[in-house]
Peer 1: 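Structure provided below as structure tokens; questions to follow.
Whatever order the structure lists ligands and atoms in, that order sets their numbers, starting from 1. Basis for what follows: all heavy atoms, side chains included, without hydrogens, waters or symmetry-related copies.
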Amino acid sequence: MSTYKLNHTDSFGDAKKLRSNQENGFSDMSSLAQSEKAVQEFLIQQTPMQATDDHLIEFSEALRTVAKALRGSSEGKALAQAEAAEWKRRYELERCKNLELLLKAPSNGVCADESNSNGMMDHSAKSLRLHVQENGKSGMHSLERICAHEVLQDCEPNSPNGCNNKLKRKASFKLSWGCKGHANDQHKKEIVSFESGNITTPDRSSKQISLTWESSPQTVIIFTKPNSTSVRVLSVEMVRWLRDHKGLNVYVEPRVKAELLSESSSFDFVQTWEDDKEISLLHPKVDLVITLGGDGTVLWAASMFKGPVPPIVPFSMGSLGFMTPFHSEQYRDCLESVLRGPISITLRHRLQCHIIRDKARHDYETEENMLVLNEVTIDRGISSYLTNLECYCDNSFVTCVQGDGLILSTTSGSTAYSLAAGGSMVHPQVPGILFTPICPHSLSFRPLILPDHVTVRVQVPFNSRGSAWVSFDGKGRKQLEAGDALVCSMAPWPVSTACQVESTHDFLRSIHEGLHWNQRKIQSSDGPQ
Ligand SMILES: NC(=O)c1ccc[n+]([C@@H]2O[C@H](COP(=O)([O-])OP(=O)(O)OC[C@H]3O[C@@H](n4cnc5c(N)ncnc54)[C@H](O)[C@@H]3O)[C@@H](O)[C@H]2O)c1
Ligand SMILES: Nc1ncnc2c1ncn2[C@@H]1O[C@H](COP(=O)(O)OP(=O)(O)OP(=O)(O)O)[C@@H](O)[C@H]1O
């Protein structure tokens, strides 16, 4: 039998080609775009109906061809910008790797934080570390590898050891993928095997994931739904219990710290942060996140982490709870069992999105990356016109959405807005991107589910009647003008949420209890046999 190899290529394989296109070709895209618009306007006035002369018809055909070519080139620009952003990210990653090597060099492979002989972090090392973290998501990701779980422990006023700024380990844990029929969670096999030239899939890729602590969690952060009396009462009780009975360091939002202090000054042990930048640096210190609220609070908590997210334990204190399986009345038992481990988790994928502006001064300029746990929505906002959105998947044209808009959803978000717009419900652990139109003005537009490795680009064409609006998990609305594009792909930082029982059980329970999915009276046997 002949042998062969299966290659996986990533969607950026053509980036070099695109870059050279960019360099050699379309240098002044905005003027091209204006010319295209002018041609289109001209065509609208000069329809073949009005132009009876044969030459004019021929001329208008030629202009149509030119307009098409111009449009093609402007589409190429947005694509090239997306590719450029990706190359920029890769460059940042490389840079951080080099920094990692630099940090390692003087201390024989030991993390720079550890290398300091008296255990104190020297200022330059600290500022270098912060600098790396501030340099975009790749930098932060890389840093996690550099200093896995190493943190600078804050000075505790009542600490038995006094304030010695000793470096302690963040609690480490292990994730294992269980297989049906294999009690031993160490069981490992290739998902796809090519033995003897035959392709087989001995195991399925999505399995139950369990988290086992390798050292005890020490620090938790609690996010709470605002303006709720029951949440406020519970947070007071929980913070005290976590400190007095579990000896944990507790972080809360600044608003909650103020609430706690208004209850009693004895809550001054509770830690907080001052601005968003500070919270983005908290990840290396926090072992566990607790949310008290509904699904919106889980979305809120996840949005605070622009890189890796500590495991989340979501308590249900809202009306619906697709991502909040824990009952707040039993919080002590739940937290005892989570802190002890092992626990089943659902690894929820996130999408990373960024907007590429047509007006961007140069091609490498893109906006900040946004991470969503549910979905990114592109809609018509306050405009009463149909949206007109050109959609591409990698380099292929998907379709033009004409309707109220488009939802690009994670599988976790499949039970949220996408469901309301007619998308399928998908188990949250299935990797993929849901492509769900909102009220498409078409009889034949069915929602799609795309694989997890693709990059989706949604562009407002230059001939669009109005602009479009983007929102991220229902928040942070931004306007997309003609020529602007949204680029979206799977993020490398999933969100792990603790399960009450296990992932599939919790998912089914949420659609049964939350949506009364497929509830119907059972037909009686009293009838034709
Ligand atoms: N027509 C709609 O169904 C519609 C419209 C706008 C926004 N939304 C959803 O609201 C989300 C924002 O939630 P919020 O709590 O901040 O706003 P919100 O307070 O307006 O609540 C929206 C509702 O969506 C539910 N929800 C959120 N995530 C869910 C999920 N993954 N599965 C099932 N239900 C979910 C919430 O429980 C809540 O009942 C958006 O991400 C979007 O999915 C839905
Ligand atoms: N810590 C927080 N800070 C600011 N806003 C928050 C926070 N937690 C939640 N929110 C916002 O409050 C709103 C309501 O939150 P959430 O969905 O958790 O509660 P709920 O609406 O009572 O739940 P449900 O939708 O299940 O009834 C959401 O828009 C969410 O973004």
Side-chain angles (χ1 to χ4, degrees), residues 221-232 234-235 251-260 272-273 275-276 279 282 289-305 312 314-328 346 348-351 353 370-381 403-430 434 436-439 447 469-477 494-495 497 503 506-517:
I221 185 166
I222 306 179
F223 290 97
T224 63
K225 171 172 80 171
N227 305 324
S228 160
T229 311
S230 55
V231 167
R232 189 175 164 156
L234 180 66
S235 59
Y251 276 90
V252 295
E253 295 159 277
R255 161 183 55 82
V256 180
K257 169 122 194 200
E259 284 170 12
L260 291 172
T272 189
W273 56 92
D275 55 29
D276 287 356
I279 183 165
L282 267 185
V289 174
I290 295 173
T291 63
L292 308 179
D295 294 319
T297 309
V298 179
L299 297 175
W300 181 268
S303 75
M304 293 292 134
F305 296 91
I312 300 184
F315 285 94
S316 164
M317 298 197 77
S319 62
L320 279 182
F322 284 79
M323 296 189 279
T324 58
F326 293 102
H327 300 295
S328 52
T346 300
R348 297 175 183 277
H349 305 277
R350 288 200 286 180
L351 296 177
C353 326
M370 300 293 290
L371 290 164
V372 293
L373 179 53
N374 266 354
E375 76 285 288
V376 55
T377 305
I378 308 105
D379 61 36
R380 64 188 171 81
D404 280 358
L406 174 71
I407 300 166
L408 297 174
S409 171
T410 62
T411 46
S412 279
S414 72
T415 45
Y417 199 179
S418 171
L419 165 100
S424 282
M425 292 193 287
V426 190
H427 188 297
Q429 222 145 270
V430 176
L434 281 79
T436 313
I438 310 170
C439 297
W469 293 81
V470 189
S471 51
F472 307 90
D473 283 341
K475 299 219 176 326
R477 260 172 121 60
V495 174
T497 55
S503 189
D506 285 13
F507 170 64
L508 292 175
R509 202 183 69 161
S510 72
I511 61 172
H512 288 144
E513 291 180 5
L515 296 172
H516 305 293
W517 179 62

Peer 1: Once you round to the nearest 0.5 Å, how far does CZ of F322 lie from CG of L419?
Peer 2: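 Reported to 0.5 Å precision, the distance equals 7.5 Å.
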
Peer 1: Write out the residue and atom name of the closest protein heavy atom to atom 43 (O) of ligand 1, then the distance separating them to 0.1 Å.
Peer 2: E375 OE1, 2.4 Å

Peer 1: Please determine if S319 has a nitrogen or oxygen closer than 3.5 Å to a nitrogen or oxygen of ligand 1.
Peer 2: no

Peer 1: Determine, counting only non-hydrogen atoms of the protein, whether one lies under 4.0 angstrom from atom 6 (C) of ligand 2.
Peer 2: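 Yes, there is one.
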
Peer 1: Would you check whether P226 reaches within less than 4.0 Å of ligand 2, judged by its heavy atoms?
Peer 2: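 Yes, P226 has heavy atoms under 4.0 Å from ligand 2.
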
Peer 1: Any ion pair linking D379 and R477 (charged N to carboxylate O, less than 4.0 Å)?
Peer 2: yes

Peer 1: For atom 29 (O) of ligand 2, tell me which residue out of K225, K475, M317, R255 has the closest non-hydrogen atom.
Peer 2: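 It is K475 whose heavy atom sits nearest to atom 29 (O) of ligand 2.
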
Peer 1: Does atom 10 (N) of ligand 2 have a protein heavy-atom neighbour under 4.0 Å away?
Peer 2: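 Answer yes: something from the protein, a heavy atom, is under 4.0 Å.
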
Peer 1: Using a heavy-atom cut-off of under 4.0 Å, does the side chain or the backbone of T224 touch ligand 2, or both, or neither?
Peer 2: backbone

Peer 1: Nearest non-hydrogen atom to atom 3 (N) of ligand 2 belongs to which of F223, F322, W300?
Peer 2: W300

Peer 1: Under 3.5 Å, is there a donor-acceptor pair between the S418 and T436 side chains?
Peer 2: yes

Peer 1: Under 4.0 Å, heavy atoms only, figure out whether ligand 1 is touched by the backbone of Y417, its side chain, both or neither.
Peer 2: both

Peer 1: If I take atom OG from residue S303 and atom CD1 from residue I279, how far apart are they, to the nearest 0.5 angstrom?
Peer 2: 8.5 Å

Peer 1: Any heavy atom of S412 sitting closer than 4.0 Å to ligand 1?
Peer 2: yes

Peer 1: Indicate whether atom 13 (C) of ligand 2 is within a distance of less than 4.0 angstrom of some protein heavy atom.
Peer 2: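 Answer no: nothing from the protein, no heavy atom, is under 4.0 Å.
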
Peer 1: Should the pair F507 and H427 be assigned to parallel (<30°), tilted (30 to 60°) or perpendicular (>60°) ring geometry?
Peer 2: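 If you compare the ring of F507 with that of H427, the planes turn out tilted.
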
Peer 1: Compare S316, S319, S303 and give the one whose heavy atom is closest to atom 25 (O) of ligand 2.
Peer 2: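 Closest candidate by heavy-atom distance is S319.
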
Peer 1: Counting heavy atoms only, name the option from S510, G474, A416 that's nearest to atom 30 (C) of ligand 1.
Peer 2: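 That would be A416.
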
Peer 1: With heavy atoms of D473 as the reference, note each atom of ligand 1 found under 4.0 Å away.
Peer 2: 12 (C), 40 (C), 41 (O)

Peer 1: Side chain, backbone, both or neither: which applies to L299 and ligand 1 if a contact is any heavy-atom pair less than 4.0 Å apart?
Peer 2: side chain

Peer 1: Is the backbone N or O of N374 less than 3.5 Å from a side-chain atom of D473, with the two atoms forming a donor-acceptor pair by type?
Peer 2: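 Confirmed, D473 side chain pairs with N374 backbone.
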
Peer 1: From the options T346, L373, L371, select the one residue that forms a side-chain contact (heavy atoms from CB on, under 4.5 Å) with V495.
Peer 2: L373

Peer 1: Between the side chains of R348 and T497, is a donor N or O closer than 3.5 angstrom to an acceptor N or O?
Peer 2: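 Yes, a side-chain donor-acceptor pair sits under 3.5 Å.
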
Peer 1: Is ligand 1 under 4.0 Å from a heavy atom in the side chain of N374, in the backbone, in both, or in neither?
Peer 2: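 It is the side chain that gets close, since no backbone atom is under 4.0 Å.
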
Peer 1: Give the residue, atom name and distance (to 0.1 Å) of the protein heavy atom nearest atom 17 (O) of ligand 2.
Peer 2: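 Of every protein heavy atom, G296 N, 3.0 Å lies nearest to atom 17 (O) of ligand 2.
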
Peer 1: Can you tell me the protein heavy atom closest to atom 8 (N) of ligand 2 and the distance?
Peer 2: T297 OG1, 3.4 Å

Peer 1: Taking only heavy atoms of M323, which atoms of ligand 1 are found under 4.0 Å from at least one of them?
Peer 2: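 Reading through ligand 1 atom by atom, the close ones are 31 (N).
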
